K.L.:
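Let me begin by handing over the structure; questions about it come next.
It should be emphasised that the depicted structure is a prediction, and the values quoted were computed from it without experimental measurement.
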Amino acid sequence: MNTVKQLFVRKKVPHINVKDNLTAYLFLAPSLIILGLFLFYPALMSLYYSLTDYYLLTPQLTEFIGLDNFKNLLSDPLMRKSLMNIFKFVILILPIQVGTALGLALLVNNQRKSTIIYKVAYFSPVVMSLAVISILWLYLLNPSSGLINEVLSNFGISPQPFLTSPTQAMYVIVVISAWQGAGNQMLIFLAGLQNIPSSIYEAARIDGAGRWRQFWNVTLPMLKPTSLMILTTTLIDAFKLIIQPMVMTQGGPLNSTMTPVYYIYRTGFTDRQLGFASAMTVLYGGLIIVFTVLQRKFVGGDTNE
């Protein structure tokens, strides 16, 4: 009987303190204003401009043209080329950069001495400007006088064109990008490794599990939430590739390193075709969202398992 009565007893609705809510919104207001000005408003304006023929030097002549920009974009060979380049970059950078970061994290985690030195050494490229790093690598990879070719010549290897070769340039950018970004992800993996209870490894050793079995059956499953976050952020950052091609190759040679973001920048600010560039932004932003959702679906979005 008491159970039946409880079913019909109206639960007390918690009292809403208007003053506390108002105070909370006041604290949130600066962040919401900044997000509105620098995120939501530009996104809405990009969507609007994508439906116009907005030319940066003659804004007063802007006309509404509907989906013409998107139709032209779908038949643009350079856009297709840039998409193929970025897909190639993403497919290569994900396993290389994330795998390198995990390997470094395991190495540092096993080093009981001089851990700080290893952390600083591996993290140093992260704090350097991408533009500065790109310029440094330009000198190192110079086909005629670069240090890399000088080292290769000592092993009897002929000088390589590197960034001046359509077949090598993107692979070089992949390696440089992975080297620069792996240190940051190493620290995140390291934090995840240090949060795994040692008792789990002790239980695995008692059961006769070797190092490989411990890594496969303990370390990787326990790092699933960390790995998912790193994979998602790496995917998004990879799709935003622009600095390295802009500084090192200007999208060449033969557009082999042209990326969508660099193409958008060049169309909008060099060619001043802001309407067409906005359409590219909308389409490319949608693709990034789709690939991020697919990645979470296939990798596994439930991190509580």
K.L.:
Which pair of heavy atoms, one from S46 and one from V282, lies closest together, and at what distance?
P.N.:
O-CG2, 4.0 Å
K.L.:
Got a list of side-chain donor-acceptor pairs under 3.5 Å for residues 144-153, not counting sequence neighbours?
P.N.:
unit_1	atom_1	unit_2	atom_2	d
S144	OG	N142	OD1	2.8
S145	OG	N142	OD1	3.4
N149	OD1	Q160	N	2.8
N149	ND2	P143	O	3.1
N149	ND2	Q160	O	3.1
S153	OG	N149	O	3.4
S153	OG	E150	O	2.5

K.L.:
Determine whether S256 and M170 satisfy the following criterion, side chain to side chain contact (heavy atoms under 4.5 Å, CB included), listing intermediate values before the conclusion.
P.N.:
CA-CA 7 Å; S256 61; M170 182 55 77; 5.9 Å; no
K.L.:
How many angstroms lie between atom CE of M258 and atom CD1 of I242, to the nearest 0.5 angstrom?
P.N.:
10.0 Å
K.L.:
Do Y262 and L73 sit in one hydrophobic cluster, given that two such residues count as connected whenever their side-chain heavy atoms are within less than 4.5 Å of each other, even indirectly?
P.N.:
yes
K.L.:
Test of understanding: with salt bridge (Lys or Arg N to Asp or Glu O under 4.0 Å), list the residues that count as partners of D237, not counting sequence neighbours.
P.N.:
K240
K.L.:
Applying side chain to side chain contact (heavy atoms under 4.5 Å, CB included), run through M280 and M79 and close with a yes or a no.
P.N.:
CA-CA 8 Å; M280 296 163 63; M79 186 62 184; 4.0 Å; yes
K.L.:
Applying the side chain to side chain contact (heavy atoms under 4.5 Å, CB included) test to Y122, which of T100, L107, N184, L190 qualifies?
P.N.:
L107
K.L.:
Could you state the interatomic distance from CG (L287) to CD1 (I86), rounded to the nearest 0.5 Å?
P.N.:
11.5 Å
K.L.:
For R211, is the CZ atom crowded, meaning more than 12 foreign heavy atoms sit under 6.0 Å from it?
P.N.:
no
K.L.:
Rounded at 0.5 Å granularity, tell me how far CG in L141 sits from CG in L163.
P.N.:
5.0 Å
K.L.:
Mark yes when over 12 heavy atoms from residues, nucleotides or ligands other than F70 sit less than 6.0 Å from its CZ; otherwise mark no.
P.N.:
yes
K.L.:
Would you list the atom pairs, donor with acceptor, under 3.5 Å between side chains in residues 124-137 and any protein atom, with sequence neighbours excluded?
P.N.:
unit_1	atom_1	unit_2	atom_2	d
S124	OG	V120	O	2.5
S129	OG	A131	N	3.2
S134	OG	L130	O	2.7

K.L.:
Would a hydrophobic clustering, with Ile, Leu, Val, Met, Phe, Trp and Tyr connected at side-chain separations under 4.5 Å, put Y41 with Y49?
P.N.:
yes
K.L.:
Test your reading of the model: is there a side-chain donor-acceptor pair from D68 to the backbone of D53, 3.5 Å cut-off?
P.N.:
no
K.L.:
Apply side chain to side chain contact (heavy atoms under 4.5 Å, CB included) to Y171 and list each qualifying residue two or more places apart in sequence or on a separate chain.
P.N.:
K88, L92
K.L.:
With rounding to the nearest 0.5 Å, note down the distance linking OG1 in T281 to CG in L274.
P.N.:
8.5 Å
K.L.:
Same cluster or not: Y25 versus F40, using hydrophobic residues (I, L, V, M, F, W, Y) connected whenever any side-chain heavy atoms lie under 4.5 Å apart?
P.N.:
no
K.L.:
Could you walk me through whether T259 and F89 pass the side chain to side chain contact (heavy atoms under 4.5 Å, CB included) check?
P.N.:
CA-CA 9 Å; T259 65; F89 178 81; over 6 Å; no
K.L.:
Just how far is it from atom CG of D271 to atom CZ of F276, taken to the nearest 0.5 Å?
P.N.:
10.0 Å
K.L.:
Minimum heavy-atom separation for G36 to P42, with atom names?
P.N.:
O-CD, 4.1 Å
K.L.:
State whether the number of non-hydrogen atoms from other residues, nucleotides or ligands found under 6.0 Å of Y48 atom OH is greater than 12.
P.N.:
no
K.L.:
Should the ring pair F291 and F239 be called parallel, tilted or perpendicular, given that the plane angle runs from 0 to 90° and is split at 30 and 60?
P.N.:
tilted
K.L.:
Provide the closest heavy-atom pair for T164 versus P161 in the form atom of the first, atom of the second, distance.
P.N.:
OG1-O, 2.8 Å
K.L.:
Tell me the closest heavy-atom pair linking Q185 and A101, and the distance in Å.
P.N.:
CB-CB, 3.6 Å
K.L.:
Would you say the side chain of V261 lies within less than 4.5 Å of the side chain of Y284, judging by non-hydrogen atoms?
P.N.:
yes
K.L.:
Which atom pairs, one a donor and one an acceptor, fall under 3.5 Å between side chains of residues 243-253 and the rest of the protein, sequence neighbours left out?
P.N.:
unit_1	atom_1	unit_2	atom_2	d
Q244	NE2	S177	OG	2.8
T249	OG1	P245	O	3.1
T249	OG1	G251	N	3.3
T249	OG1	G252	O	3.4
T249	OG1	T257	OG1	2.6
Q250	NE2	M246	O	3.1
Q250	NE2	V247	O	3.2

K.L.:
Just verifying a value: how many Å separate L74 CG and R80 CZ, rounded to the nearest 0.5 Å?
P.N.:
9.0 Å
K.L.:
Is M84 atom CE crowded by more than 12 heavy atoms from other residues, nucleotides or ligands, each under 6.0 Å away?
P.N.:
no
K.L.:
I'd like to know if the side chain of S165 reaches the main chain of F162, judged simply by a donor and an acceptor atom lying under 3.5 Å from each other, with no hydrogens or angles considered.
P.N.:
no
K.L.:
For R205, check side chain to side chain contact (heavy atoms under 4.5 Å, CB included) against everything at least two apart and list the hits.
P.N.:
Y201, E202, Q214
K.L.:
Using modelled atom types only, decide if a donor and an acceptor are shared between the side chain of T270 and the backbone of T267 within a distance under 3.5 Å.
P.N.:
no
K.L.:
Establish whether L283 and L51 are linked, either directly or via other cluster members, by ILVMFWY side-chain heavy-atom contacts under 4.5 Å.
P.N.:
no
K.L.:
Starting from W216, can I reach F189 by hopping between I/L/V/M/F/W/Y residues whose side chains sit under 4.5 Å apart?
P.N.:
yes
K.L.:
Side chain to side chain contact (heavy atoms under 4.5 Å, CB included) for L223 and L102? Distances and angles first, verdict last.
P.N.:
CA-CA 10 Å; L223 284 178; L102 179 57; 3.9 Å; yes
